[in-house]
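Working notes for the structure below.
Just so it is clear, the model here is predicted, and its values are computed rather than measured.
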Amino acid sequence: QVQLVESGGGLVQAGGSLSLACAASGQTFSDLTMAWFRQSPGQEREFVAAISYSGSTTFYPNSVKGRFTISRDNAENTVHLQMNSLKTEDTAVYYCAARAAHNSGDISAPFMYDFWGQGTQVTVSS
């Protein structure tokens with residue numbers, strides 16, 4: 001089992017920045033692909049970013065590319081999401097997710113992830 005705990009959410013004005021962190025425990029962190037998803041009320045869970053087990057490869061949807069950066073520290077068992085130039089439409093609950101590194105399924109599909117954090121609220125005001 002992998003336990004994931006997010007931190008760093010909050011309220012920020014449009015155009016501002018926010019950094020999220022996710023601390024993992026329970027399994028060798030470098031054996032995991034890590035990702036961030038978000039979900040707004042009434043919406044499906046949306047892929048935000050993913051990073052390979054080594055940190056050498058990252059993935060982003062067009063909606064956040066160039067504004068968000070995912071990174072990981074395998075020594076600290078932590079994954080980060082730096083969010084810049086935030087927009088009101090970025091408002092959502094943000095979830096950290098993990099899956100085994102050998103899993104080659106769709107990296108942007110929520111159902112391909114086995115472990116989830118409890119989520120942290122990000123609110124961007126206009």
[atom1]/[X] to [atom2]/[Y] distance, rounded to the nearest 0.5 angstrom?
X	Y	atom1	atom2	value
Thr28	Asn77	OG1	CG	8.5 Å
Thr33	His102	OG1	NE2	9.5 Å
Phe59	Ser52	CZ	OG	6.5 Å
Glu89	Ser126	CD	OG	11.0 Å
Ser40	Arg45	OG	CZ	11.0 Å

Keeping the roles fixed (side chain from [X], backbone from [Y]), state whether a donor-acceptor pair exists under 3.5 Å.
X	Y	value
Ser56	Ser54	no
Arg67	Ser85	yes
Glu6	Gln118	yes
Gln13	Ser125	no

| Are Thr69 and His80 side-chain neighbours, meaning at least one heavy-atom pair lies under 4.5 Å? | no
| query | Side-chain contact, heavy-atom cut-off 4.5 Å: Ile107 with Tyr113? | reply |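 SC-SC contact between Ile107 and Tyr113 confirmed.
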| said: Who clusters with Leu86? Use side-chain heavy atoms, under 4.5 angstrom, across I, L, V, M, F, W and Y, and order the result by chain and number. | reply: Val2, Leu4, Val12, Leu18, Leu20, Phe29, Leu32, Met34, Trp36, Val48, Ile51, Tyr60, Val64, Phe68, Ile70, Val79, Leu81, Met83, Tyr94, Phe115, Val122, Val124
| query | Apart from Tyr53 itself, what residues make up its hydrophobic cluster, given side-chain heavy atom links below 4.5 Å? | reply |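 Result for Tyr53 is none, singleton.
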Of all the heavy-atom pairs spanning [X] and [Y], show the shortest one and how long it is.
X	Y	value
Ser17	Asn84	OG-OD1, 2.9 Å
Ser30	Asn74	CB-ND2, 3.7 Å
Asp106	Ser108	OD1-OG, 2.8 Å
Ser104	Arg99	C-NH2, 4.2 Å

| Test salt bridge (charged side-chain N to carboxylate O under 4.0 Å, His left out) applied to Glu46 - qualifying residues, sequence neighbours left out |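 Scan of Glu46 (salt bridge (charged side-chain N to carboxylate O under 4.0 Å, His left out), adjacent residues dropped) gives Arg38.
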